[in-house]
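A short worksheet on the structure shown next.
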Amino acid sequence: MAATQEEIVEGLAEIVNEIAGIPTEDVQLDKSFTDDLDVDSLSMVEVVVAAEERFDVKIPDDDVKNLKTVGDATNYILKNQA
Amino acid sequence: MSPTNRTVVVTGIGATTPLGGDAASTWEGLIAGRSGVRPLEQEWAADQAVRIAAQIAVEPGEVIPRPQARRLDRSAQFALIAAKEAWANAGFTDKAGEDPSVDPDRLGTVIASGIGGVTTLLDQYDVLKEKGVRRVSPHTVPMLMPNGPSANVGLAVGARAGVHTPVSACASGAEAIGYAIEMIRTGRADVVVAGGTEAAIHPLPIAAFGNMMAMSKNNDDPEGASRPYDVARDGFVLGEGAGVVVLESAEHAAKRGARVYAEAVGQGISADAHDIVQPEPEGRGIARALQNLLDNTDLDPAEIVHVNAHATSTPAGDVAELKALRKVFGDEADHFAVSATKSMTGHLLGGAGGVESVATVLALYHRLAPPTINVENLDPEAEAAADIVRGEARKLPVEGRIAALNDSFGFGGHNVVLAFRSV
């Protein structure tokens, strides 16, 4: 069953917490991975791979650059999850 | 002195070793004659011929926050811990520039290891085979590159004068400190954070060193396995950890009123051109390094009272080094209290020169030579060539200027000798 928006944000929060050490409650839709959440370009690759696995979705490298905020990633996953 | 021949001093020390999580606890362990060697309890160790090692006393995960630790190879974690201790110990309160007493453009780092990020390389290869291409960590390259520890320490302290990593197997840490001394002596930098680190306790290096017949297989007596100069020595015991010093021009140290542990007098370097792994049995290459040290510095052999020997507990290497000391110094070698601290720490490979430089500096500072433990039956060849500090720590002369040597040699025929002197 596909994940809801709420479940996706919760999942991304756990992933960002694991990778960048940011408290889960700080991971909100409007937050920028780079500017707000200490996720640099290499760590973003880790976030993407973890999200692919968790939400059964493929996120090609070309699309990663468009995922600036948690909201961008959430919408992408909502639209593309299997 | 002219700007191209400046005096270099040690103003900070840091370490994380099998004996303790900092320089003070490491020194305490060395003076007490404590062994850091333990059985390897990991599952992978069960079918190894060598099932002992000197593992770190304080796991780096207890010190470095997890998000940072997961982007650092274990060797870089050790280096960072030791470097931060040394940096604070030198009296710096923040990174260069933020702390106005050190200019980032005049600060360097030289941290080396023998094998680099070997555990990262091998672990990520396991990930590749078991989970596929996509799962290989994007941090793999900066984690496994041998210059990673130096670069990470450079980032932590804000070093812009140069970040270097000389690689010469088990001489790497000493060569790093030698390189750092030259950076300051010749005027390229005022302050350099320098040392060695190694994290190679992993099934592949253990199997490989074991198959070279280089390591002790005395699995039944871990604490007695590393026994330099004993007739029953049968190879080194692998250790892990890091040792780092802050080196500084004497002038820069005086200007900011820093505590000075010792003068870093200089270095002597040579190569054996004999064999890729076997030491030249008469110690000719080592003797040449010692002679270079004497030729290139104002070190007075009469002042040398202590040698932190390379002595890894291998049958050939331990004695060759002592022969070289005798060859170069003659009767002067009679007043060298020779200590093999690897009897306690194991052999930290590229980390050895770092940790042993810290030990050498502290031996001068406290005027106390650490013991060589496990010498039950002293090898007659060692006894004939040198005065080995056995069993218990030995007091060094309380009066006057004293000097000490730290020897490090590596596979490839690398010989590096460092000299320190009391101030």
Side-chain angles (χ1 to χ4, degrees), chain A residues 3 8-28 31-70 72-73 76-77 79-82, chain B residues 59-77 79-81 84 94-95 98 116-117 119-159 163:
Chain A
I8 294 169
V9 175
E10 197 182 300
L12 288 173
E14 282 172 19
I15 291 167
V16 170
N17 173 260
E18 167 73 16
I19 289 167
I22 300 293
T24 51
E25 61 269 25
D26 292 356
V27 182
Q28 304 287 344
K31 292 288 168 65
S32 153
F33 287 107
T34 315
D35 299 336
D36 302 321
L37 302 177
D38 263 357
V39 177
D40 63 13
S41 62
L42 293 187
S43 295
M44 190 62 195
V45 178
E46 289 187 286
V47 170
V48 164
V49 172
E52 284 184 334
E53 191 155 297
R54 183 157 182 154
F55 302 112
D56 193 16
V57 60
K58 282 272 166 282
I59 311 178
D61 290 349
D62 283 349
D63 291 342
V64 172
K65 61 179 184 299
N66 300 322
L67 309 180
K68 306 274 189 226
T69 66
V70 176
D72 296 340
Y76 189 96
I77 293 165
K79 252 186 265 169
N80 293 283
Q81 62 187 339
Chain B
E59 271 299 318
E62 294 174 29
V63 185
I64 299 178
R66 191 173 146 73
Q68 189 185 9
R70 61 197 300 284
R71 316 173 55 136
L72 296 171
D73 181 74
R74 191 170 169 83
S75 64
Q77 295 175 9
L80 201 58
I81 290 167
K84 282 186 167 177
D94 205 336
K95 65 197 296 190
E98 311 286 319
T119 55
T120 295
L121 177 65
L122 294 167
D123 290 348
Q124 290 300 316
Y125 188 54
D126 288 344
V127 169
L128 174 71
K129 285 182 297 177
E130 288 160 19
K131 297 178 180 168
V133 170
R134 187 70 171 156
R135 291 290 294 278
V136 171
S137 169
H139 302 295
T140 302
V141 171
M143 286 172 75
L144 70 81
M145 61 192 197
N147 54 316
S150 204
N152 278 293
V153 170
L155 284 167
V157 298
V163 166

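What you see is a predicted model; the values in this text were computed from it and never measured. Every chain is numbered from 1, with letters handed out A, B, ... down the list of sequences. FYI, side chains are in, hydrogens and waters are out, and symmetry mates aren't considered; it's all heavy atoms of this structure.
- Residue A:Glu18 touches chain B through both its backbone and its side chain, counting heavy-atom pairs closer than 4.5 Å.
- A distance of 10.0 Å separates CD of A:Glu52 from CZ of B:Arg135, quoted to the nearest 0.5 Å.
- Of all heavy-atom pairs between B:Pro138 and A:Leu42, the closest is CG-O, 3.2 Å.
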(Q) side-chain contact (heavy atoms from CB on, under 4.5 Å), that's the test. Do B:His139 and A:Val45 meet it? Break it down for me. (A) CA-CA 9 Å; B:His139 302 295; A:Val45 178; over 6 Å; no
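- Heavy atoms of A:Ser43 lying under 4.5 Å from chain B belong to its backbone as well as its side chain.
- Among residues 146-158 of chain B, no residue has any heavy atom closer than 4.5 Å to a heavy atom of chain A.
- The shortest distance between side-chain heavy atoms of B:Arg71 and A:Asp40 falls below 4.5 Å.
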Could you pull out all donor-acceptor pairs under 3.5 Å where a side-chain atom in residues 55-66 of chain A meets a protein atom, sequence neighbours excluded?
residue	atom	partner	partner atom	Å
A:Asp61	OD1	B:Arg134	NH1	3.3
A:Asp63	OD2	A:Tyr76	OH	2.5
A:Lys65	NZ	A:Asp62	O	2.7

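- The part of B:Pro142 that comes within reach of chain A is its side chain, from C-beta onward, which places non-hydrogen atoms under 4.5 angstrom from that chain.
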